[in-house]
*Asks:* 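Input: one structure, supplied below.
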Amino acid sequence: MISIIKYIKQLAGSDVRRLISPVILSMVDSLLNSSMYGIMIFAFMGLAAGTFTFDVLKTYSLIMISIFFARLIIHGIGYTQAQCRGPEISKKLRLQIGNHIRSLNLGFFNKNSIGRLNSTLATDISDFETIITHCLCDFVKVVIFTLMSLIISFAIDWRYGLTLGIIVVVAFPLLSLSGKIAARNSKKLRTSSQNVISMIVEYINGIKTFRLYNLTGEGFERLDNSLSVLKKESTHAELTILPYTMSFSTITSFIVPMSLIIGTYLLTQQNMHSTNFLVILLLSISISSTMNSLSSLYPQVRSLTKASENMISILSEEPFSYKKDHADFNSYNLSFNNVSFQYTDKVDVLKNISFSADNSTTTALIGPSGSGKTTIVSLISRFWDVSSGSITIDGEDIRQFAPDALTKHMAVVFQDVYLLNDTVLNNIKVGKASATKDEVIAAAKEAHCHNFITKMENGYDTIIGEGGSTLSGGEKQRISIARALLKDAPIVLLDETTSSLDADNETEIQHAFDRLMKNKTVLVIAHRLGTIINANNILVLDKGEIIESGNHKTLLEKKGWYARMFDEQKKAQEWTVQNNIQLKEKKYE
Ligand SMILES: Nc1ncnc2c1ncn2[C@@H]1O[C@H](COP(=O)(O)OP(=O)(O)OP(=O)(O)O)[C@@H](O)[C@H]1O
C-alpha cells in the first residue's frame, strides 16, 4: 500500500496535496461513524441502570442527529472534492504524458508499440483516476472504521477485543496476499491487453492488405492469438485471486457468529452487562460487512502498481535537452558539419555528412532507396539528434533550441501526409492557426486544391475522415502543400512531394512549389531528376554518404551516378512518350 501511495505522489506531483482534504474528510466521517457506537453504549447503559430519562433521550437524540448531519455534510464535501479533483489530476497527467511524448526522440516509438502507448494513455490513466476518485477514500474509511471498532471492542471487554483482533490478524495476511497477486496479475493482464490493442490497430491500418490476402476474421491468427492470450490471462487473474479473497471473506463472515458465541459466554459466565452484549452484536455486523468490502477494494487498489509503473516509465524517458525556448535567426543558412547518425547502436545510417544550404537556395537530395535522404530531413526537424557532428542554422547548433521553437521556422511536406479528422479548413489552418478563411482559400488555390474542395458536400467545412481516409493520395498531398504555403516558413523541407500527383496537375503544382520555395532555404528529396534541374546544389547519397555533389550541369559533366540516372530517366520518359504516341495512333487506325 505504501508503494501505491508513493506512486500516487509521484504521478500527481504537487497536486497530491489536493487529495489530502477528501482523505481527511473520509477519516473524520469514519470516526464519526464509530462514535455512534460509543453513544449507543452509553444509551444502553442508561437504559439498564434506569437513568435513561426523557432529557437524556433528548440529549442523545440531539447528538445522534448532529453526528448524522455532520457526516452527511462531511461525506458530501469529501465526495464532491474527490469527484472533482480526481478527474482534474488525471487530465493534467494525461496532458503531461502527452506533452512529454511530444518532447521525446522518435526512437521512443521504435521501442514502444502503439498498443502500449494507447493502453497507458487510455486504460492506465483511467484506472489511476478511478483509484484516486473513488477507491482511495473508501479504503481509508474502511481501515479507520476497522481500527476504531477494534478499540471500541477492547473498551467493551478485552476478551472480545482480543477475539476480534485475532480474526483481523488472521484475515489481513490473506488480503495482503490477494493484493500482491492482483499486482502481479495486472502486469501480465496489461501486457496482454497492450498486445491486443496493437493487433487491433495493425488490423485496422492494414485492413486492405488483410482482405486481399484473406487474413481477416478467424484467419488473422495474430489478433486471434492475442485475444486468446488475453482471455487466458483474465481467467487466470480471476482464478488465482479467488481463493484468497474468498478465504478473507469467509474469515470476516465468522466475526458475527464468533461475536455471538463470545458475547453469550461473557454475558452468562462472566457477568458482562447485557447492554455490552447488544453493542457487541451491532458492532460485529458492521465490522463484518465493512471488512468484506476490502476483499474487492484492496486488490483493485494494488492492481494500480503496473499502471503506475507504465506511466512513470514513459515520464522518466529522457526528453530532448535544449537551452532556449525561442529560436530567432537573422539568416536561415543551414549547415551539416560532419554529421553521423545511427538509429540503433550499431549501424551508421549517415556517415560524415557535410554540406551548406544557404538562404534562397534549393538543395536537392537524391540517391537510392535507404540511402538516408529522409533521415537528413528528420534530423533538421529535430525528430532525432545527430550521433556526432552538428547541424546549424545561422551558425547556431540546433540542439540549443526546443524542437517546437525550431519547427516554427519550417514548413514541411512529408511523404506520408497526416490529416486530422476535422474540416478541410481546419486541416489547412494547421499551417497557421490564426489564418482567416480568405487566407486559407488563397493557399488552397495556390496548391490547386480549391477546385476539388468546393466540389465536396460542405466545401471547406467538409469533415475529412480520420487520417484523410476520404481523400485520394494526391488530394491529401495538395492539402499538405496548402498548409505549408499558409505557414510561409523560411525553411522548406519537401519529401517525395510529387509522387502522388496526377500528370495533368503536376505542372501547376510545380508552380505552387516554386511559390512555396521562393526566397526560402529549401531541401527537397526527389526521385524524378527532371524536377530538380534548377536546384543550386544536388547531393547524391549512397549508403549514408555523399558520393557526388554540385549543380545539374557539373554533375552531368562528372559522368557519375547522377549523369547515369539522369540519362536512364530521360530514356524511360522518351520511351513512355513514344509508347503513348503509338498507342494513340493504333486507337485512331
Ligand atoms: N525509424 C527508424 N529506425 C531504424 N532504422 C530506420 C528508421 N528509419 C529509417 N531507418 C533506416 O535508415 C536507413 C535510411 O533510411 P531513409 O528513410 O533515410 O532512406 P531514404 O533514402 O529516405 O529512403 P527512401 O528513398 O526509400 O525513402 C534505412 O536503412 C532505413 O532502414
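We count residues from 1, following the sequence as given. Start at 1 and go down the list; that is how both ligands and their atoms are numbered.
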*Asks:* Decide whether a cation-pi geometry holds between Arg478 and Phe452; the criteria are a distance under 6.0 Å from NZ or CZ to the six-membered ring centre and an angle within 45° of the ring axis.
*Replies:*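 No.
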*Asks:* Is it the case that ligand 1 has an N or O less than 3.5 angstrom from some N or O of Ser369?
*Replies:*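 Such a contact does occur with ligand 1.
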*Asks:* Hey, is Asp124 close enough to Arg190 for a salt bridge, meaning N to O under 4.0 Å?
*Replies:*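 A salt bridge is present here (some side-chain N lies under 4.0 Å from a carboxylate O).
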*Asks:* Does the distance from a Lys or Arg side-chain N to an Asp or Glu carboxylate O, for Glu439 and Lys432, drop under 4.0 Å?
*Replies:*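 Salt bridge flag = yes for Lys432 with Glu439.
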*Asks:* Polar contacts were defined as any N/O atom of the residue lying under 3.5 Å from an N/O atom of the ligand; does this apply to Gly372 and ligand 1?
*Replies:*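 Between Gly372 and ligand 1 (N or O atoms, distance only) the closest approach is under 3.5 Å.
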*Asks:* In terms of atom number and element, which parts of ligand 1 are under 4.0 angstrom from non-hydrogen atoms of Thr374?
*Replies:*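 Selected atoms, number and element: 17 (O), 18 (O), 20 (P), 22 (O), 27 (O).
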*Asks:* At the 4.0 Å heavy-atom cut-off, does Ser371 count as touching ligand 1?
*Replies:*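 The answer is yes: ligand 1 sits under 4.0 Å from a heavy atom of Ser371.
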*Asks:* Do the ring planes of Trp384 and Tyr343 sit parallel (below 30°), tilted (30 to 60°) or perpendicular (above 60°)?
*Replies:*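 Ring orientation, 0 to 90° scale: perpendicular.
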*Asks:* Ring-plane angle category for His552 and Phe566, please: parallel below 30°, perpendicular beyond 60°, tilted otherwise.
*Replies:*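 If you compare the ring of His552 with that of Phe566, the planes turn out perpendicular.
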*Asks:* Does Glu88 come within less than 4.0 Å of Lys92, counting only side-chain N to carboxylate O?
*Replies:*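 No, this pair does not count.
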*Asks:* Is Thr375 touching ligand 1 with its side chain, its backbone, both, or neither, if touching means heavy atoms under 4.0 Å apart?
*Replies:*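 It is both parts that get close, each with some atom under 4.0 Å.
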*Asks:* Heavy atom of Phe341 under 4.0 Å from ligand 1?
*Replies:*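 Under 4.0 Å: no for Phe341.
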*Asks:* Can you name the atoms of ligand 1, numbered from 1 with element, that are less than 4.0 Å from a heavy atom of Trp384?
*Replies:*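 Selected atoms, number and element: 1 (N).
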*Asks:* Find all atoms of ligand 1 within a distance of less than 4.0 Å from any non-hydrogen atom belonging to Val349, and give their numbers and elements.
*Replies:*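 The list of qualifying atoms is 12 (O), 13 (C), 14 (C).
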